[in-house]
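Worksheet for the structure shown next.
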Amino acid sequence: MKVYILGAGAIGSLFGGLLAKAGVDVLLIGRDPHVKSIGERGLVIKGIINEEIRVNATTSIPKEKPDLIILSTKAYSTEDALNSAKDIVRETWVLSIQNGIGNEDKILRVGGKAIGGITTNGAILKEPGIVEWKGKGITIIGLYPQGHNEFVEEVAELFNKAGLETHTSDNIIGWIWAKAIVNSAINTIGSILEIKNGLIKDNQYLLSAAMEVIKEGCRIALQNGIEFEVPPMELFFQTLEQTKDNYNSMLQDLWRGKRTEIDYISGKIVEYGKYVNLEAPMNSLLWALVKAKEELRNNVWRKGK
Ligand SMILES: NC(=O)C1=CN([C@@H]2O[C@H](COP(=O)(O)OP(=O)(O)OC[C@H]3O[C@@H](n4cnc5c(N)ncnc54)[C@H](O)[C@@H]3O)[C@@H](O)[C@H]2O)C=CC1
Ligand SMILES: CC(C)(CO)C(=O)C(=O)O
């Protein structure tokens with residue numbers, strides 16, 4: 001199977017690198033200096049494994065179509081990435097492993113055949129050409145919005161062979177929403193207070209506030225016809241336990257001066273609330289506070305100076 005990774009940053013390079021190591025024909029599509037470094041020295045995966053992997057990488061979109069495109073840009077770059085690759089996306093299988101709601105709808109809009117996905121693997125780009133695999137998690141994929149077919153099973157088998165534990169689901173839209181709802185509580189509260197995930201379960205005020213945010217997200221999802229295989233509240237407690245020592249990715253983006261994915265998490269929950277005449281005061285407030293934090297982080301007076 002020929003696979004392109006569209007958006008070869010931390011998680012995309014991890015998936016691409018592991019697939020290449022397993023003998024899959026992979027092309028990483030990303031940006032310099034990461035791509036340049038991979039061309040010169042190969043891709044290094046550190047952490048759970050320590051390997052230098054030879055894998056093709058480019059900054060431009062090839063003309064030839066692959067069998068599968070794995071979309072792994074941040075959610076705010078999805079539209080641009082898909083538009084730049086329109087000619088190869090059309091009628092091609094495109095699997096999103098991104099966070100947030102709406103990525104797969106954008107794949108469908110440009111004529112791609114969408115596979116939805118969520119992953120609990122953790123990766124960071126340490127420096128150009130070097131990815132750290134910090135946490136071994138699982139990946140769930142499925143035909144978007146629902147259903148399954150042989151190709152999805154084939155992709156899951158390929159991922160498993162590459163060392164990425166992967167399961168398939170007939171209800172991937174439910175998993176995408178469940179993860180977004182969990183992120184809408186943990187990432188926002190963790191980012192505003194700049195705390196590790198575990199503190200949210202250890203502090204009674206934060207825990208009850210976070211649970212209300214989860215319930216609000218669930219009400220909106222259910223009214224929009226979303227069903228869950230595992231209730232988001234259960235996933236929330238599991239995630240808090242499994243990631244108690246982590247600072248969430250939104251907070252890490254804020255600390256690095258990068259844009260966050262808040263519009264595609266809390267912002268989408270608020271938007272879907274409007275479609276079914278449900279207000280989302282908790283998600284609206286958390287969305288606004290994170291947006292404010294994005295804007296204010298570089299102001300010295302934030303620290304009272
Ligand atoms: N890093 C992680 O551990 C996990 C990340 N995710 C999700 O996966 C997505 C990607 O996250 P990361 O890999 O951490 O972000 P990242 O910022 O490291 O990687 C995204 C990459 O996409 C590239 N890119 C952006 N637009 C592009 C375009 N038009 N063409 C080619 N390349 C383009 C960027 O240069 C960047 O290197 C996000 O939605 C994130 O929430 C989900 C689970 C775990
Ligand atoms: C699971 C969790 C909350 C881990 O921190 C995450 O998805 C994130 O940080 O974005």
Side-chain angles (χ1 to χ4, degrees), residues 4-17 27-35 37-38 47-48 57-62 69-86 88-89 95-104 117-140 164 176 178-191 195-201 210 235-254 256 258-265:
Y4 292 172
I5 308 288
L6 183 55
I11 202 78
S13 301
L14 174 71
F15 273 59
L27 177 68
L28 302 179
I29 306 172
R31 294 201 166 134
D32 285 335
H34 185 52
V35 164
S37 174
I38 294 169
I48 287 174
T58 178
T59 55
S60 51
I61 306 291
I69 297 173
I70 299 178
L71 182 60
S72 54
T73 62
K74 291 281 193 181
Y76 49 77
S77 303
T78 296
E79 221 147 25
D80 280 355
L82 287 172
N83 282 330
S84 71
K86 247 198 317 250
I88 59 164
V89 164
L95 160 64
S96 163
I97 52 168
Q98 301 156 290
N99 278 341
I101 294 166
N103 295 299
E104 292 78 4
I118 59 158
T119 184
T120 58
N121 281 284
I124 53 169
L125 203 58
K126 290 292 280 181
E127 52 186 271
I130 304 181
V131 172
E132 186 178 348
W133 189 6
K134 284 181 79 76
K136 198 166 185 169
I138 64 156
T139 301
I140 304 175
L164 289 159
I176 292 166
K179 188 166 189 209
I181 290 171
V182 169
N183 289 141
S184 75
I186 300 180
N187 294 30
T188 51
I189 293 173
S191 293
I195 54 171
K196 287 187 175 170
N197 296 349
L199 245 177
I200 296 173
K201 85 180 156 49
L235 215 58
F236 165 70
F237 281 104
Q238 272 174 23
T239 306
L240 284 180
E241 188 49 44
Q242 285 162 1
T243 67
K244 57 175 183 280
D245 296 323
N246 291 8
Y247 289 106
N248 76 72
S249 61
M250 190 173 280
L251 177 55
Q252 293 185 42
D253 285 341
L254 285 167
R256 287 192 203 113
K258 285 172 72 174
R259 188 176 160 188
T260 73
E261 295 184 301
I262 188 72
D263 289 340
Y264 303 90
I265 299 173

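Sequence positions, counted from 1, serve as the residue numbers for this chain. Hydrogens, waters and symmetry mates play no part in the numbers below; they use all other heavy atoms, side chains included. Remember, it's a predicted structure, so these values are computed and weren't measured experimentally. Start at 1 and go down the list; that is how both ligands and their atoms are numbered.
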State whether a side-chain donor-acceptor pair under 3.5 Å links Thr260 with Asp253.
no
Using side-chain heavy atoms (C-beta onward) and a distance below 4.5 Å, is Leu28 in contact with Val35?
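SC-SC contact between Leu28 and Val35 ruled out.
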Should Tyr264 and Asn99 count as side-chain neighbours, where that means a heavy-atom distance under 4.5 Å?
no
Interatomic distance, [X] atom [atom1] to [Y] atom [atom2] [nearest 0.5 angstrom]:
{"X": "Asn183", "Y": "Glu261", "atom1": "CG", "atom2": "CD", "result": "8.5 Å"}
{"X": "Asp32", "Y": "Thr58", "atom1": "CG", "atom2": "OG1", "result": "9.0 Å"}
{"X": "Asn103", "Y": "Thr78", "atom1": "CG", "atom2": "OG1", "result": "4.0 Å"}

Would Asp80 count as a polar contact of ligand 1, with the cut-off being nitrogen or oxygen pairs under 3.5 Å?
no
Ile11 to ligand 1: N or O pair under 3.5 Å?
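Yes: some nitrogen or oxygen of Ile11 is under 3.5 Å from one in ligand 1.
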Exam field: side chain [X] to backbone [Y], donor-acceptor pair closer than 3.5 Å:
{"X": "Ser37", "Y": "Pro33", "result": "no"}
{"X": "His34", "Y": "Pro128", "result": "no"}
{"X": "Ser13", "Y": "Ala10", "result": "no"}

Report the part of [X] (side chain from C-beta onward, or backbone N, CA, C, O) that has a heavy atom under 4.0 Å from ligand 1; answer both or neither where that applies.
{"X": "Glu261", "answer": "side chain"}
{"X": "Ala8", "answer": "backbone"}
{"X": "Ser72", "answer": "backbone"}
{"X": "Asn121", "answer": "backbone"}

If you count the non-hydrogen atoms of other residues, nucleotides and ligands that lie under 6.0 Å from NZ in Lys134, is the total more than 12?
no
Are [X] and ligand 1 in contact, using a heavy-atom cut-off of under 4.0 Å?
{"X": "Thr119", "answer": "yes"}
{"X": "Gly100", "answer": "no"}
{"X": "Lys179", "answer": "yes"}
{"X": "Lys258", "answer": "yes"}
{"X": "Ala123", "answer": "yes"}

Only heavy atoms of Gly122, strictly under 4.0 Å: list the atoms of ligand 1 that pass.
3 (O)
Could you pull out all residues at least two apart from Ser96 that satisfy side chain to side chain donor-acceptor pair (under 3.5 Å)?
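Residues passing side chain to side chain donor-acceptor pair (under 3.5 Å) with Ser96: Gln98.
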For [atom], which protein heavy atom lies nearest, and how many Å away is it?
{"atom": "atom 23 (C) of ligand 1", "value": "Gly7 CA, 3.8 Å"}
{"atom": "atom 19 (O) of ligand 1", "value": "Gly9 CA, 3.2 Å"}
{"atom": "atom 9 (C) of ligand 1", "value": "Thr73 O, 3.4 Å"}

When you check ligand 2 against the protein, what N or O pairs turn up below 3.5 Å? List the atom names and distances, or just say none.
unit_1   : atom_1 : unit_2 : atom_2 : d
ligand 2 : 5 (O)  : Asn197 : ND2    : 2.9
ligand 2 : 7 (O)  : Asn183 : ND2    : 3.0
ligand 2 : 9 (O)  : Ser249 : N      : 2.8
ligand 2 : 9 (O)  : Ser249 : OG     : 3.4
ligand 2 : 10 (O) : Asn187 : ND2    : 3.0
ligand 2 : 10 (O) : Ser249 : OG     : 2.5

